[in-house]
Amino acid sequence: MSDYALLAELLFPHIDKTPEDYEAVYPPRNLPEGAKVTRFAPSPTGFMHLGNLFVSMIDSIAARDGGVFYLRIEDTDKKREVEDAVERILHGLAAFGIVPQEGEQADGGALGDYGPYRQSQRKDIYQCYAKSLVEKGLAYPCFCTEEELNYLRAKQETAGANPGYYGEWAVFRNAPLGEVRRRLRAGEPYVLRLRSDGSEEKKIVVEDLVKGKIEMPENIMDLVLLKADGIPTYHFAHAVDDHLMRTTHVVRGDEWIASLPVHIALFCALGFKAPKYVHVSPIMKTDGGGKRKLSKRKDPEAAVSYYAEQGYPKEGVVTYLLTLANSNFEDWLRANPGKAVTGFPFNFKKMSPSGALFDLAKLNDICKNVISVMTAEQVYDYVMDWAAQFDKTLHDLFSADPCYAKAILSIDRGVKKPRKDIATWSQVLDYVSYFYDEAFRQRFDLPENISAAGAKAILSAYAAVYDENDDKDAWFERIKALCEPLGLTPNVKEFKANPQNYKGHVGDVSTVIRLALTGRENTPDLYSIMRLLGKDRVLRRLNTAL
RNA sequence: GGCCCGUUGGUCAAGUGGCCUAAGACUCCGGCCUCUCACGCCGGCAACACGGGUUCGAAUCCCGUACGGGUCACCA
């Protein structure tokens with residue numbers, strides 16, 4: 001038995017499976033040609049960053065056409081773990097219509113044949129591959145303490161060498177078997193390190209699907225594979241899991257690019273074929289003069305939950321994100337109205353290699369468009385869902401009389417040029433408030449060109465002739481008829497041509513009425529509003545406005 | 001500092017050597033429509049980071065500079 005084999009047995013006596021056993025348990029997936037296997041692999045902190053949503057969305061859309069998108073929990077760092085994290089992650093995704101077909105579930109179970117999907121439950125698998133690496137002389141135990149590592153770094157600094165555990169500096173790289181055995185017997189803690197055979201002179205080349213060709217020096221670090229507690233580092237788990245779970249495309253933030261040499265080295269040492277990499281740029285925001293990544297600590301809009309709370313329609317957020325991912329998405333949407341987003345021919349290569357600035361104005365515009373083409377019924381349902389959780393006042397108002405609520409939402413909806421007033425559900429209460437006596441605050445801010453007496457005259461004259469049975473034309477005729485006795489003109493064009501001849505025009509009349517009925521100068525179509533308000537409310541407001 | 005990535009209007013971006021007098025969308029500003037507002041329509045402001053090459057010809061290819069970002073853990 002070789003020293004390596006001896007060492008492997010010494011380190012992992014309890015591991016009796018071989019990599020071949022696992023290969024048999026997790027065979028290549030039987031999928032249609034070209035189908036992609038993607039995964040979302042968060043650590044269970046429970047916090048969903050906008051970037052996480054962005055990546056998951058890409059994962060999920062890439063796995064269409066017979067592929068698989070699964071959720072894997074990377075809980076190799078117990079310090080960061082949070083209760084209920086998986087549930088929160090799944091909720092965060094589902095709120096935007098993203099549902100992994102496979103992987104960890106909220107109830108602690110899992111879907112799929114390639115599990116467990118929680119890294120803390122895969123210890124034996126990692127150790128099996130670690131053992132095989134030791135047998136091949138590609139990994140070894142290192143007994144350095146934190147202090148020793150600090151000392152090493154200090155020494156490298158004074159020597160002008162690059163810091164790190166590598167080459168000549170790797171103290172346990174060639175430790176004799178006897179010493180290892182002695183330390184092991186003494187119960188000294190150790191980590192397992194890769195015995196790197198890389199050379200700085202040589203390059204690795206990775207064809208990234210968004211960044212293109214990336215060339216970097218080979219890895220020379222004897223990086224940690226297994227931590228002192230026997231749990232793998234991200235790098236080692238990535239190689240083992242993505243191979244065994246047969247991931248074809250790894251979509252992740254581009255902060256991982258720097259680790260590419262390490263990952264390539266690991267896939268190579270383990271004898272695996274590396275997946276395709278899709279390194280996406282972070283979503284940025286401006287800060288002072290420059291731009292920076294959306295920060296979990298400083299920016300509330302970095303959290304996916306923010307959009308739910310603010311009441312952004314999920315389709316709007318997804319559309320915006322998709323626009324950032326593939327800028328032709330908006331054009332496609334316009335050309336294919338009503339089609340499900342899953343029909344969009346998403347393309348990794350159309351993703352921008354540089355980071356996009358988050359643009360709230362654009363998001364709002366998209367959301368307004370999205371909501372404007374919904375039916376009143378749909379809007380009502382969404383609003384109720386949102387209000388149930390975030391706005392009791394609105395929820396009470398809307399549930400008291402659903403028909404009335406839907407009638408309000410129907411104004412200028414379902415026509416060729418629908419109104420676009422609403423960007424978020426949280427704006428709905430303000431939008432509809434004057435339809436409800438409970439929420440209506442009567443106030444009358446006199447427009448500049450109208451006197452209090454003039455306004456009063458208009459209101460009383462109108463109250464005298466108002467007829468709730470008028471159709472729209474009759475209604476407008478009645479308002480126009482009010483003009484001349486009061487020194488105004490019903491003809492706006494005429495007014496514009498000879499403003500000196502009149503005190504105002506019919507627009508001023510309707511503005512005064514509008515003000516009395518709604519408390520604001522700008523609203524949707526007044527006639528529709530009055531029909532909904534009904535005779536009693538109209539007359540009461542007309543009479544009490546001033 | 002080493003290594004890597006990026007850089008077209010205020011923002012997202014099209015563009016893969018001649019079709020670029022550089023598209024479209026958002027924002028902003030005019031105007032039209034109009035009972036107000038919104039919608040819609042018409043129009044406008046506004047960009048290839050800089051310097052060298054290669055080429056008949058460069059936003060596009062190469063080199064350098066500047067600026068921005070990332071990364072150098074027993075975190076992911």
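Computation of the quantities below employed the complete heavy-atom set of this structure, encompassing side-chain atoms and omitting hydrogens, waters and symmetry-equivalent molecules. Order of the sequence lines sets the chain letters (A, B, ...), proteins ahead of strands, with each chain counted from 1.
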Whole-angstrom distance between [N] and [M], as gauged at atom [atom1]:
{"N": "B:rG51", "M": "B:rU7", "atom1": "C1'", "result": "15 Å"}
{"N": "B:rC35", "M": "B:rU27", "atom1": "P", "result": "25 Å"}
{"N": "B:rG24", "M": "B:rG43", "atom1": "P", "result": "10 Å"}
{"N": "B:rC19", "M": "B:rC41", "atom1": "P", "result": "30 Å"}
{"N": "B:rG9", "M": "B:rA46", "atom1": "C1'", "result": "5 Å"}

Mind checking if [X] touches a base, just sugar-phosphate, or nothing, with heavy atoms under 4.0 Å?
{"X": "A:Ile479", "value": "nothing"}
{"X": "A:Asn162", "value": "nothing"}
{"X": "A:Cys144", "value": "base"}
{"X": "A:Val224", "value": "sugar-phosphate"}
{"X": "A:Thr45", "value": "nothing"}
{"X": "A:Ser510", "value": "base"}
{"X": "A:Glu255", "value": "sugar-phosphate"}
{"X": "A:Ser281", "value": "nothing"}
{"X": "A:Arg153", "value": "nothing"}
{"X": "A:Glu215", "value": "sugar-phosphate"}

Is any side-chain nitrogen or oxygen of [X] closer than 4.0 Å to OP1 or OP2 of [N]?
{"X": "A:Lys227", "N": "B:rA73", "value": "no"}
{"X": "A:Lys350", "N": "B:rA14", "value": "no"}
{"X": "A:Thr323", "N": "B:rA25", "value": "no"}
{"X": "A:Thr523", "N": "B:rU36", "value": "no"}
{"X": "A:Lys349", "N": "B:rU16", "value": "no"}

*A:Trp332 and A:Phe344 aromatic ring geometry - parallel, tilted or perpendicular at 30°/60° bounds*: perpendicular
*asked:* Let's see if you get this right: which residues in residues 355-373 of chain A place a heavy atom under 4.0 Å from RNA chain B?
replied: A:Ala356, A:Leu357, A:Asp359, A:Ala361, A:Lys362, A:Asp365
*With sequence neighbours excluded, tell me which residues meet salt bridge (charged side-chain N to carboxylate O under 4.0 Å, His left out) with A:Asp331.*
A:Arg334
Can you tell me how far [atom2] of [N] sits from [atom1] of [X], to the nearest Å?
{"X": "A:Lys472", "N": "B:rC35", "atom1": "NZ", "atom2": "P", "value": "9 Å"}
{"X": "A:Asn347", "N": "B:rU16", "atom1": "CG", "atom2": "C1'", "value": "14 Å"}
{"X": "A:Asn328", "N": "B:rC26", "atom1": "CG", "atom2": "C1'", "value": "17 Å"}
{"X": "A:His279", "N": "B:rU71", "atom1": "NE2", "atom2": "C1'", "value": "12 Å"}

_Is the shortest side-chain heavy-atom distance between A:Phe444 and A:Val512 below 4.5 Å?_
yes
*Taking C-beta and beyond as the side chain, do A:Val206 and A:Ile257 meet within less than 4.5 Å on heavy atoms?*
no
*Counting only Watson-Crick or G-U wobble pairs whose two distances fall under 3.5 Å, which nucleotide matches B:rG18?*
B:rC56
_Strictly by ring pair (Phe, Tyr, Trp, His ring centres under 6.0 Å), give each pair with a member in residues 206-235 of chain A just once, sequence neighbours left out._
A:Tyr234-A:His238, A:Tyr234-A:Trp256, A:Tyr234-A:His263, A:His235-A:His263
*Please name the pair of heavy atoms, one in A:Arg413 and one in A:Ile371, separated by the smallest distance, quoted to 0.1 Å.*
NH1-O, 2.8 Å
_Heavy-atom count check: over 12 atoms from other residues, nucleotides or ligands less than 6.0 Å from A:Gln121 CD?_
yes
*Which nucleotide, B:rC12, B:rC75, B:rC35, lies nearest any side-chain atom of A:Trp475?*
B:rC35
_Applying the ring pair (Phe, Tyr, Trp, His ring centres under 6.0 Å) criterion to A:His249, which one of A:Phe348, A:Tyr277, A:Phe346 satisfies it?_
A:Phe348
_If you assign each of A:Lys416 and A:Asp508 to its closest nucleotide in RNA chain B, which residue comes earlier from the 5' end?_
A:Asp508
*Using the closest heavy atom to pick a nucleotide of RNA chain B for each, name whichever of A:Lys203 or A:Leu526 lands nearer the 5' end.*
A:Lys203
*Show the numbers, then the answer: is there a salt bridge (Lys or Arg N to Asp or Glu O under 4.0 Å) between A:Asp430 and A:Arg520?*
CA-CA 11 Å; A:Asp430 180 61; A:Arg520 43 234 234 181; 3.7 Å; yes
